[in-house]
2 protein chains.
Amino acid sequence: MSPRKSAHDELTKEAIISVARDLFVKEGYSAASMRKIADTLQCSHGAIYYHFKNKAQLFYEMVEADFQKLDQVLDSVLEESADTNEQKLFSIFYRYIQFGLTHQKHYELMFLIRDDDVKSYLNEGPNKSYMHFAQAINSLAPRSLSIKDIWSVFLSLHGFVTHYCRSETTFEEVKELASSHAQFLIKAII
Amino acid sequence: MSPRKSAHDELTKEAIISVARDLFVKEGYSAASMRKIADTLQCSHGAIYYHFKNKAQLFYEMVEADFQKLDQVLDSVLEESADTNEQKLFSIFYRYIQFGLTHQKHYELMFLIRDDDVKSYLNEGPNKSYMHFAQAINSLAPRSLSIKDIWSVFLSLHGFVTHYCRSETTFEEVKELASSHAQFLIKAII
DNA sequence: TTCATTATTGAACACTGGTCAATAAAATTA
DNA sequence: TAATTTTATTGACCAGTGTTCAATAATGAA
């Protein structure tokens, strides 16, 4: 009826993203419909399209900021100066998995989603994160590692996270397995 | 108009699955609609529901057959009696990756799908295939492996396939990397 | 021939993502 | 202040989705 809301309750990207994040995490990408998001925001679903080109871009903008936390996790491990290099290596592997499984929806979007609409938005993100990871591994390894070995380590961690993302298992449920997987990978590089 | 087809062109589960597989592989799970499948079969979309409870179950019955092909690949490696155990181990790893990357859509459908409806049906298929895999690894490993180690090997292979599935890389393009990944995993278990 | 059974149809339902003319609030200009 | 432009919102609309089901015709059995 009223084609525009009064100033104090106009929509903002932040408000949309905040509601969308809750719904995406609660219901997944496809089940969280634009109409449900709009209902929660008490606006029409058309209004969201004024702020975001489409659903994929809304999802992407939501996740982009959160994903920078992975870099922060890696940095914080490197700064734990009390640990030995092998402890740090273990920590990086372990906490990479922890990150992936406690931010499953984000991880899925960055690394797993096949939706063509969404994929066109994703390119630099994962690559940048990997470079950071590779750098850290290389500086901590006890012997000189080939690029291929580091890549194998990454893919092996990725496989762990991917598998448990698919079945929506929490990190808590598999932390022992995560620990032994990290240990398994250390065996391969020392 | 005609509520039932004459005998010689009645629908069969096999005919539906065959058409559905093509479409699932070509367009993915969600884009391959029941109506498109029905159009290709030249029947109404309602008719499919006489043979399958719903789309997810049609998908599941299709994928179950695919898993058996993976089992056959593993079996054929075990029967290559000229090879040493380590060569067989390498072959299993390498050909697992080869299978995944030369049947990317199948692999994706088998292991990566996130649709909730489908997931409730997918449990035994992958599990049975994994048991087969684990058995083979265990019998070939030079030292006694823990269940967790075998699981780590599997997840590490899965990570490789998953990654290159997402970017639609062919096996040919990464066969050297596949080889070194397989070698990397052997290092971890011997 | 009669009568169940069986397989198929297509309309209907409740959804989905996305578009767009109409419109009113807000910001800008005269 | 008044007129005008810009901006944000609405909701009808479109083409599509999975699923259900009464109606119905081909089939097979009695």
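No hydrogens, no waters, no symmetry mates; every other heavy atom, side chains included, goes into these values. Chain A is the first sequence line, chain B the second, and so forth, proteins listed ahead of strands; every chain is numbered from 1. All values reported here derive from a predicted model rather than from experimental measurement.
Minimum atom distance to the side chain of A/Met34 is reached by C/dG18, of the listed D/dG18, C/dG18, D/dT9. Checking C/dA25, D/dT27, D/dT9 against every side-chain atom of A/Ser6, the shortest atom distance belongs to C/dA25. Closest contact between the side chain of B/Lys36 and the listed nucleotides D/dT17, C/dA26, C/dT9 involves D/dT17.
The nearest whole Å value for the distance from the OH atom in B/Tyr49 to the P atom in D/dT19 is 4 Å. The distance between atom CD of B/Glu10 and atom C1' of D/dT27, rounded to the nearest whole Å, is 8 Å. Remark: C1' of C/dG10 and CG of B/Leu11 are 15 Å apart, rounded to the nearest angstrom. Rounded to whole Å, atom C1' of C/dT8 lies 13 Å from atom CG of B/Leu41. If you take CZ of B/Phe59 and P of D/dT19, they are 14 Å apart, rounded to a whole angstrom. Between B/Lys53 atom NZ and D/dG18 atom P there is a gap of 15 Å when expressed in whole angstrom units. The distance from atom NZ of A/Lys55 to atom P of C/dT19 is 14 Å, rounded to the nearest whole Å. For B/Asp9 and C/dT9, the CG to C1' distance is 14 Å, given to the nearest whole Å.
Between A/His158 and A/Tyr107, the gap from one ring centroid to the other is short of 6.0 Å.
Side-chain to base pairing of B/Arg35 with C/dG10: no donor and acceptor N or O lie closer than 3.5 Å to each other.
Closest-nucleotide positions on DNA chain D for B/Ala31 and B/Lys5 were compared, and the one nearer the 5' end corresponds to B/Ala31. Two residues, B/Arg4 and A/His45, neighbour DNA chain D, and the one matched to the more 5' nucleotide by heavy-atom proximity is A/His45.
For the pair A/Leu157/A/Phe133, a side-chain contact is recorded, criterion being any heavy-atom separation below 4.5 Å from C-beta on.
The backbone N or O of B/Phe99 sits nowhere less than 3.5 Å from a side-chain atom of B/Lys69 that would complete a donor-acceptor pair. Under a 3.5 Å cut-off, the side chain of A/Lys55 and the backbone N or O of A/Tyr29 do form a donor-acceptor pair. For B/Arg143 (side chain) and B/Ile189 (main-chain N/O), a donor-acceptor pair under 3.5 Å exists by modelled atom type.
Counting non-hydrogen atoms under 4.0 angstrom, A/Ser33 reaches the backbone sugars and phosphates but no base.
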